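Working notes, beginning with the structure itself.
Remember, it's 1-based here, ligands and their atoms both numbered in the order they're listed. Just the heavy atoms: all of them, side chains too, but no hydrogens, waters or symmetry mates, feed the values below. Because the structure is a prediction, the values reported are computed rather than measured.
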Amino acid sequence: MTDHVTDLIPAPGSAAWTASSPALCVLDERTWIDARPGTEGTAQWLRATVGAATGLPLHAGNAADADAQGDGGAATSRIVLAIDTGVAHEGYRLVADGPEIRIEGGSAAGVFWGAQTLRQLLGPAAHRRAPLTKGAQWELPAVTIEDAPRFPWRGMMLDVSRHFMPKDGVLRYLDLLAAHKLNVFHFHLTDDQGWRIEIKRHPRLTEVGAWRARTKYGHRASPLWDDEPHGGYYTQDDIREIVAYAAERHITVVPEIDIPGHSQAAISAYPELGNADVIDTTSLTVWDNWGVSPNVLAPTDNTLRFYEGVLEEVLELFPSTFVHIGGDECAKDQWKASAAAQARIKELGLADEDELQSWFIRHFDRWLTDRGRRLIGWDEILEGGLAPGAAVSSWRGYKGGIAAAEAGHDVVMCPEQQVYLDHRQADGDEPMPIGFVRTLEDVYRFEPVPPALNPEAAAHVLGTQANVWTEVMQDSARVDYQVFPRLAAFAEVAWSRLPAPAERDFTDFERRMAAHYSRLDALGVDYRPPKGPLPWQRRPGVLGRPIEGAPPNV
Ligand code: ACM
């Protein structure tokens, strides 16, 4: 049997063989799961996933139940799940020793992360949805693992505006995040190219705003178009299902409603939201190009009331403390040209258009704070001053994050130079090669806490997230190709306490990746293989084709 203790990803804090015999724990038809209070969700997850992969019933009950009901005698083994408040909050201790496998977590989440480790210990086939052979015996080594995450915010952002990902795909991604012990799903729901969440009081947001006539094929400089209509949205019940499914996996869904820029889809649906004295907003359509649209929200009371209405529905659907309001890449040309916007600047006593953007953000900062939530936005929101509880997603490098942390704001580090997974992962032969080259090793050597921060400021780094913008990812296969294997390296950066970047043992990570590729195969992930031919070279129509006549990159 391959010993999967030595190939866990993300690497645990410590793992040692338990000094007893037998050296193996066995799962079979007579294995019981004894779920102590607060851990029932993990028992259910184990039964649904490991139960399906192994074909084993994984009976529910304690030791007495097992002995009384065991078919032909006592249980072979018991998986005991318990909360032990002596363990770190999301941490766990996993002790497998003879007939007993104990997972003790500092919280229900800790127990769940321990169960993810248990699945890895059983081998890649434990990640499938049905057993390959009937009656197989499942073994894991007798080990003691102590583990806890480095950061409380270990996230991935998915842009479902540029390309819509149907609900099933989102649920699948939540499973993939959980398999990597990631616990935040930042859901980028609105942008110029599509509005993706049903809002009951403003039905045109999805009737009109969720659909575009055509799509730029490739990067923004490409001369090619896909002339098929594209769109889709999540109903409020879809959102409830996604949020509940995430919660069962101890993942928080942070919704993003992007304002005041990246709003062309909303303005196409409700022209009164735009700067109607500058352009004919009634003739706007959902954007069919990439980049930064000039169409931004008009700074009116009507706009504020409209988005308060949107956010009231968003707060009912998403229990997350943090609500993301975007705030990035706000083009100011229309405000400069608009007599109404200029009058508003004067009336509010603001200096210029930059302060007008801050006025938008501060309004929703207060609005969310009054409702017991906290605003988070892209680092541009720092420019006009923020309320004390607001937090920043630092995307334009580390700079915004450093300034925010030094000013006492919480920060999520997601610099585009390091963890934008839409960017190509090799030189030369990538489909749709955009952005910086960021290899698996580059991501593995990403450090979320810049050394420039003193300990007090560093404590404001809540964690990190990888961002997945989908301009060049038209379907799940393309998303998988960009995200994997780099998300595995990212997960280890977010979870494990790795040494400084230059000292990280990438050779050992690559060795463990050999097993992890087998897990990803079992999970059905279309990752970028470590060696060619690459899938897009075999199936150019699926993963992209070279763009004739266009510059090679942006
Ligand atoms: C961003 O990449 N515009 C946050």
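Using a 4.0 Å cut-off between heavy atoms, Glu416 makes no contact with ligand 1 at all.
Looking only at heavy atoms of the protein, atom 2 (O) of ligand 1 is closest to Tyr420 OH, 2.6 Å.
Ligand 1 has no N or O atom lying under 3.5 Å from any N or O atom of Trp378, backbone or side chain. Looking at Asp328 next to ligand 1, an N or O pair under 3.5 Å apart turns up. Below 3.5 Å of separation, one finds an N or O of Glu329 facing an N or O of ligand 1.
Looking at Glu313, Glu198, Glu316 one by one, the single match for side chain to side chain donor-acceptor pair (under 3.5 Å) with Gln236 turns out to be Glu313.
Between the side chains of Glu416 and Trp469, no donor-acceptor pair of N or O atoms lies under 3.5 Å. With 3.5 Å as the limit, one finds a donor-acceptor pair spanning the side chains of Trp395 and Glu380.
The two residues Gly326 and Ile381 have their closest heavy-atom pair at O-CG2, 3.8 Å.
Close contacts of ligand 1 with Trp469, meaning ligand atoms under 4.0 Å from a residue heavy atom, involve 1 (C), 2 (O), 4 (C).
Between Tyr234 and Phe164, the ring-plane angle classifies as tilted under the 30° and 60° cut-offs.
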